[in-house]
Amino acid sequence: MPEVVHVASGKVRELYAIDDERLLLTASDRISVFDVVLPTEIPDKGRVLTGLSGFWFARTKEIVPNHLLTIRDDGRSTECRRLAMLPIECVVRGYLSGSGWTSYRESSEVCGIALPEGLRESDQLPEPIFTPTTKAAAGHDEPLTADQAAELVGDERFADLQRISIELYRTAAEIAAGKGIIIADTKFELGLDGSGAIVLGDEAFTPDSSRFWPADEYEAGGPQPSFDKQFVRDYAESLGWDKTPPGPELPDDVVSGTRARYLEAFERITDISFDDYAADPTTVLE
């Protein structure tokens, strides 16, 4: 693509400048766990992330505008508006899992939010909670209390981010529930456009940024089967790996199983076959 200039690489995405106002984001098939990119790719993963993000961007734009301009024919590249990204990761939890469960067991709190006593792993919370984190340039993101996050973005903007994030989560969780999928938690990246308005960027409600659980198999009290990269996390942890680079190679059965989970999540949520999406990526925007 001679017309674009490569400006950055993320764990999954490559970022190119088209001009002063537009960026090209290309989602690779790389997969990361515990903030380490693994040497094995998951075929079609980048297309699933791009297609699902496009689907959700189209259905949440009344809540908050987003950066998407178009999805290119390859199904993994999007043209987007440039944003000034905000310095916190916006995390919403509807269920008690992952690092939230770890924190709760230690203190009965998550990011300084006190939760009821006696909750079990994977229990639904009384209300979704906003639990922002830092954006670490290297290593792990660190949890932030409301006061700490407000120091980074300002009190008024923090309140806006909290409201927007929880409304996005509630809207998507309701839609996904109708497709038999529980969105246990999710994370967003929000930024500012040239006028200072808050805009949703990066990705939205994908298996990389969210925990997707099959509703018909949900049973609180332990870990849940999932449509996300938990399958890869579980395999990596079973090896006794110390979670530092280099990451382990993935065997064929973990690769194929992960790909199948990503594709099933895509097709159940969008009601579009993956082959139809590959033939015409704009179908997710309709």
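All values reported here derive from a predicted model rather than from experimental measurement. Throughout, numbering of the chain's residues begins at 1 and tracks the sequence.
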*Asks:* Side chain to side chain donor-acceptor pair (under 3.5 Å) between T206 and E203: does it pass, once the steps are laid out?
*Replies:* CA-CA 7 Å; T206 72; E203 63 182 323; 2.6 Å; yes

*Asks:* To check you understand the geometry: which heavy-atom pair defines the closest contact between I42 and V255, and what is its length?
*Replies:*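 Reported closest heavy-atom pair: CD1-CA, 4.0 Å.
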
*Asks:* Less than 6.0 angstrom from the centroid, inside 45 degrees of the normal: does R268 satisfy that with respect to the ring of F266?
*Replies:* no

*Asks:* For D123 and R120, indicate whether the former's side chain and the latter's backbone hold a donor-acceptor pair under 3.5 Å.
*Replies:*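 Here the side-chain-to-backbone pair exists.
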
*Asks:* Is there a side-chain contact between L23 and L25 in this structure, where contact means two heavy atoms from C-beta onward sitting under 4.5 Å apart?
*Replies:*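 Touching, per the 4.5 Å side-chain cut-off.
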
*Asks:* Which atom pairs, donor and acceptor, lie under 3.5 Å between side-chain atoms of residues 90-100 and protein residues at least two apart or in another chain?
*Replies:*
unit_1, atom_1, unit_2, atom_2, d
R93, NE, T131, OG1, 3.1
R93, NH2, S99, OG, 3.1

*Asks:* Does atom CG of D73 have more than 12 heavy-atom neighbours from other groups under 6.0 Å away?
*Replies:* no

*Asks:* Rounded to the nearest 0.5 Å, what separates atom OG in S210 from atom CD1 in I182?
*Replies:*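 Between atom OG of S210 and atom CD1 of I182 there are 13.5 Å.
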
*Asks:* Side chain of Y277, backbone of T283: donor and acceptor closer than 3.5 Å?
*Replies:*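 Not a single qualifying donor-acceptor pair exists.
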
*Asks:* Keeping K187 on the side-chain end and A204 on the backbone end, is there a donor-acceptor pair under 3.5 Å?
*Replies:*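 No, the answer is negative, given that no donor and acceptor are paired below the 3.5 Å cut-off.
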
*Asks:* Run D193 and S195 through side chain to side chain donor-acceptor pair (under 3.5 Å) and show every step you take.
*Replies:* CA-CA 5 Å; D193 66 11; S195 69; 2.8 Å; yes

*Asks:* May I ask you to say whether D185 pairs ionically with R211, meaning some side-chain N is under 4.0 Å from a carboxylate O?
*Replies:* yes

*Asks:* Hey, are T244 and D242 close enough side-chain-wise for a donor-acceptor pair under 3.5 Å?
*Replies:* yes

*Asks:* Which heavy atom of P246 sits nearest to which heavy atom of W241, and what is that distance?
*Replies:*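 For P246 versus W241, the nearest heavy atoms are O-NE1, 3.4 Å.
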
*Asks:* Can you confirm whether L192 sits close enough to I198 that some side-chain heavy atom of one is under 4.5 Å from a side-chain heavy atom of the other?
*Replies:* yes

*Asks:* Which heavy atom of R82 sits nearest to which heavy atom of D20, and what is that distance?
*Replies:* CD-O, 2.9 Å

*Asks:* Test your reading of the model: is there a side-chain donor-acceptor pair from H6 to the backbone of A8, 3.5 Å cut-off?
*Replies:*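 Yes.
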
*Asks:* Find the distance between CD (E109) and OH (Y104) and round it off to the nearest 0.5 Å.
*Replies:*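 Here the rounded value is 11.0 Å.
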
*Asks:* Between L119 and Y218, is there shared hydrophobic-cluster membership here, with clusters defined by ILVMFWY side-chain heavy atoms closer than 4.5 Å?
*Replies:* no

*Asks:* Under 3.5 Å, is there a donor-acceptor pair linking the side chains of D147 and T145?
*Replies:* no

*Asks:* Taking all non-hydrogen atoms of both residues, which atom of P225 and which atom of P214 are closest, and how far apart?
*Replies:* O-CD, 3.1 Å

*Asks:* Kindly determine whether D74 and S77 satisfy side chain to side chain donor-acceptor pair (under 3.5 Å), including the steps that lead there.
*Replies:* CA-CA 6 Å; D74 63 3; S77 301; 2.7 Å; yes

*Asks:* Look at the side chain of N66 and the backbone N and O of F57, then say whether any donor-acceptor pair between them is shorter than 3.5 Å.
*Replies:* yes

*Asks:* Taking NZ, NE, NH1 and NH2 as the nitrogens, is one of them in E79 or R72 under 4.0 Å from a carboxylate oxygen of the other?
*Replies:*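 Salt bridge between E79 and R72, a charged N being under 4.0 Å from a carboxylate O: yes.
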
*Asks:* Aromatic ring centroids of F212 and F205 under 6.0 Å?
*Replies:*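 That pair fails the under 6.0 Å test.
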
*Asks:* Under a 3.5 Å threshold, yes or no: a donor from one side chain and an acceptor from the other, between D208 and Y262?
*Replies:*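 There is such a pair (donor and acceptor under 3.5 Å, judged by atom type) between the side chains of D208 and Y262.
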
*Asks:* Can you see whether S9 engages E14 through a side-chain donor-acceptor pair at a distance of less than 3.5 angstrom?
*Replies:* yes

*Asks:* Distance-only, no hydrogens or angles: does the Q224 side chain make a donor-acceptor pair with backbone N or O of G222 under 3.5 Å?
*Replies:* yes

*Asks:* Decide if atom NZ of K179 counts as having more than 12 heavy atoms of other residues, nucleotides or ligands within a radius under 6.0 Å.
*Replies:* yes

*Asks:* Measure from the side-chain N and O atoms of S28 to the backbone N and O of V12, and report whether any donor-acceptor pair falls under 3.5 Å.
*Replies:*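 The answer is yes, because a donor-acceptor pair under 3.5 Å joins these two groups.
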
*Asks:* E249 vs T40, test: side chain to side chain donor-acceptor pair (under 3.5 Å). Steps then yes/no.
*Replies:* CA-CA 6 Å; E249 294 273 1; T40 313; 2.8 Å; yes

*Asks:* Report yes or no: is the cationic atom of R47 (NZ for Lys, CZ for Arg) under 6.0 Å from the centre of the six-membered ring of F274, at an angle within 45° of the ring normal?
*Replies:* no

